[in-house]
Amino acid sequence: MRTQVAIIGAGPAGLMLGRLLEQAGIDSVILERKSAEYVLSRIRAGVLEQGSVDMLRNAGVGARMDVEGIPHQGIELSYDGKNQRIDFMERIGQQVMVYGQTEVTHDLMDVRNASGAVTIYEAEDVALHDFDSPHPRVTWRKDGVAQELTCDFIAGCDGYHGVSRASVPAQAVKTFERVYPFGWLGVLVDQPPVSDELIYAHHERGFALCSMRSHTRSRYYVQVGADEKVENWSDERFWDELRSRLNPDTAEAMKIGASIEKSIAPLRSFVAEPLRFGSLFLAGDAAHIVPPTGAKGLNLAMSDVKALGAAMIEYYGERSPAAIDDYSNKVLQRIWKAERFSWWMTSMMHVFPESGTFGLRIQQAEFNYLAGSVAAQQSLSENYCGLPD
Ligand code: RFL
Ligand code: PHB
């Protein structure tokens with residue numbers, strides 16, 4: 001089999017890249033290790049920056065988002081029960097869109113299926129070859145049968161645990177990492193959200209987040225220890241813990257019910273450099289991880305593939321390698337700014353047992369500064385809603 005661009009991974013990064021290329025008449029094949037149903041069953045991000053919203057619309061996959069997505073013009077920060085609203089619209093004239101990653105992925109899969117472009121699900125033992133040359137290859141097995149794809153480029157969009165970054169010789173890649181001593185326990189429930197806006201709460205028992213997927217489906221998280229097991233968290237224990245971390249009025253108003261999904265995600269900051277190795281390019285979680293506190297992961301994946309897609313389109317259209325040569329440097333600038341913001345939001349809102357009472361006072365001062373400073377609120381707003389490309 002032959003294609004122009006082999007894309008590894010059918011998450012939001014791989015599917016969006018495939019769509020951008022298809023719109024420009026460039027052929028791609030997507031190889032995905034799991035089934036489409038499995039990919040759609042993973043509950044992840046919920047917040048889209050304006051830039052991601054625009055990308056989905058321009059890609060012709062914004063119609064359902066525009067009906068079902070919920071525009072949000074601010075967030076609530078809660079610190080030991082005291083609430084402070086950050087009004088994005090008033091501070092910087094922007095908003096974000098609450099629309100689940102599952103729905104984004106679904107919409108991108110539908111448009112790809114309709115286009116006839118090839119996606120191979122349940123591809124086993126995907127392996128990358130010869131990407132230090134202009135004639136890279138990808139091999140895999142499907143239903144036990146060995147397969148091969150030749151191509152011009154490989155886009156590694158296969159997430160943090162994927163094969164693409166792992167295929168690069170260790171001495172060719174530098175990695176930067178911080179692992180946080182906690183995770184997020186998340187619950188999805190078919191009950192209306194407790195608040196019209198997201199609530200990010202700091203409490204001495206730990207961080208909590210009240211989010212949503214729709215007017216009838218809520219997503220809640222609590223900070224838990226890094227080695228905590230989901231089996232130890234009955235629904236009752238989760239609701240008690242969540243409510244204990246919110247201000248009493250919010251806790252009182254919360255509608256609870258049987259969880260329809262419950263999982264723990266570890267928190268990590270990670271960046272690989274560079275993001276190009278000959279004919280192989282990394283994008284999305286394959287290239288970097290942010291802790292979810294700033295709602296940046298999916299949005300960064302989108303902005304990476306926006307740049308990568310444009311660079312490939314320029315390469316095929318104008319026979320110019322300038323943009324593909326610039327890809328890694330260009331996107332790393334934005335990635336590091338999102339890393340900084342996600343680290344900062346995480347540092348302000350979570351409980352860090354090792355930083356003691358001094359650390360707590362610094363967090364309190366950070367919150368008080370935000371509450372009293374228009375400049376600090378503008379800074380949070382522009383980072384949360386998305387910095388320019
Ligand atoms: P994905 O979504 O991980 O997709 C990678 C795909 O590659 C496949 N794959 C392979 N395929 C073939 N061969 C192999 N060897 C393969 N290995 C892996 C995988 O099966 C998968 O289908 O990466 P992508 O596309 O880069 O997208 C990144 C986003 O998924 C991620 O950044 C966000 O979910 C992060 N995130 C959030 N981001 C936001 O922008 N806003 C949020 O509100 C937000 N909340 C979150 C989050 C992530 C969370 N968790 C669970 C990590 C909340 C949570 C709890
Ligand atoms: C979510 O709804 O899953 C969500 C929202 C905001 C975040 C992280 C996760 O910062």
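Numbering of ligands and ligand atoms starts at 1, following listing order.
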> Under 4.5 Å between side-chain heavy atoms, hopping through other hydrophobics if needed: is there a path connecting Tyr200 to Met254?
Replying inline: no

>> If we set the cut-off at 4.0 Å for heavy atoms, which region of Leu31 has an atom near ligand 1: side chain, backbone, both, or neither?
In response: backbone

> Looking at atom 18 (C) of ligand 1, what's its closest protein heavy atom, distance included?
Replying inline: Asp158 O, 3.1 Å

>> Within the 4.0 Å heavy-atom shell around Val39, which atoms of ligand 1 are there?
In response: 22 (O)

> Is a side-chain donor-acceptor pair under 3.5 Å present for Thr119 with Arg112?
Replying inline: yes

> Among protein heavy atoms, which sits nearest to atom 29 (C) of ligand 1, and what does the distance come to when rounded to 0.1 Å?
Replying inline: Gln101 NE2, 3.7 Å

>> Within the 3.5 Å criterion, strictly below it, is a donor on Ser133 or Asp130 matched to an acceptor on the partner's side chain?
In response: no

>> Is it the case that the side chains of Thr3 and Asp27 hold a donor-acceptor pair, with the cut-off being a distance below 3.5 Å and no angle test?
In response: yes

>> If the cut-off is 4.0 Å to any non-hydrogen atom of Gly162, which atoms of ligand 1 fall inside it?
In response: 17 (N)

>> Is it true that Glu339 and Trp344 share a donor-acceptor pair across their side chains at a distance under 3.5 Å?
In response: no

> To which protein heavy atom is atom 21 (C) of ligand 1 closest, and what is the distance rounded to 0.1 Å?
Replying inline: Arg42 NH2, 3.2 Å

> Quick one: which of Ala286, Ala127, Gly11 has a heavy atom closest to atom 4 (O) of ligand 1?
Replying inline: Gly11

>> If we count only N and O atoms by modelled type, under 3.5 Å, do the side chains of Gln50 and Gln94 hold a donor and an acceptor together?
In response: no

> Strictly under 4.0 Å, does any heavy atom of Gly46 approach an atom of ligand 1?
Replying inline: yes

> Run the ring-ring contact (aromatic ring centres under 6.0 Å, His included) check on Phe131 and Phe153 step by step: do they pass?
Replying inline: CA-CA 8 Å; Phe131 54 81; Phe153 298 115; over 10 Å; no

>> Residue-level breakdown please: for Tyr160 versus ligand 1, do any non-hydrogen atoms fall below 4.0 Å on the side chain, on the backbone, on both, or on neither?
In response: neither

>> Regarding atom 42 (C) of ligand 1: of the candidates Ala287, Gly294, Ala45, Ala283, which has the closest heavy atom?
In response: Ala45

> atom 8 (C) of ligand 1: which of Arg268, Glu32, Arg33, Arg44 has the nearest heavy atom?
Replying inline: Glu32

> Do Ile154 and Cys151 come within less than 4.5 Å of each other through their side chains, counting heavy atoms only?
Replying inline: yes

> Counting heavy atoms only, which of Ala123, Ala13, Cys157 is nearest atom 25 (O) of ligand 1?
Replying inline: Ala13

>> Using a 4.0 Å heavy-atom cut-off, which part of Asn299 comes near ligand 1: side chain, backbone, both, or neither?
In response: both

>> Starting from atom 50 (N) of ligand 1, what is the nearest protein heavy atom, named by residue and atom, and what distance separates them?
In response: Ala265 CB, 4.0 Å

> Would His202 and Phe367 count as a ring-ring contact (aromatic ring centres under 6.0 Å, His included) if you check the C-alpha gap in whole Å, the side-chain angles of each, and the deciding distance to 0.1 Å?
Replying inline: CA-CA 10 Å; His202 177 285; Phe367 180 81; 8.7 Å; no

>> Rounded at 0.5 Å granularity, tell me how far CD in Gln378 sits from CG in Asp87.
In response: 11.5 Å

> What part of Lys296, side chain, backbone, both or neither, has a heavy atom within less than 4.0 angstrom of ligand 1?
Replying inline: backbone

>> Please tell me whether Ser303 and Arg334 have a donor and an acceptor in their side chains that are separated by less than 3.5 angstrom.
In response: yes

>> Any donor-acceptor pair under 3.5 Å linking the side-chain atoms of Tyr79 with those of Asn368?
In response: no

> Among side-chain atoms of Tyr99 and Asp107, is any donor-acceptor pair under 3.5 angstrom?
Replying inline: yes

>> How far is atom 26 (O) of ligand 1 from the closest protein heavy atom, and which atom is that?
In response: Asp285 N, 2.8 Å

> Do Trp343 and Val271 belong together in a cluster built from hydrophobic side chains that touch within less than 4.5 Å?
Replying inline: no

>> Between Phe238 and Tyr221, is there a side-chain heavy-atom distance shorter than 4.5 Å?
In response: no

> In the protein, what heavy atom is nearest to atom 40 (O) of ligand 1, and what distance, to one decimal place, separates them?
Replying inline: Leu298 N, 2.6 Å

> Does Glu49 come within less than 4.0 angstrom of ligand 1, counting non-hydrogen atoms of the residue?
Replying inline: no

> Can you list, by chain and residue number, every protein residue with a non-hydrogen atom closer than 4.0 Å to ligand 2?
Replying inline: Arg44, Gly46, Val47, Trp184, Leu198, Tyr200, Leu209, Ser211, Arg213, Arg219, Tyr221, Pro292, Thr293, Ala295

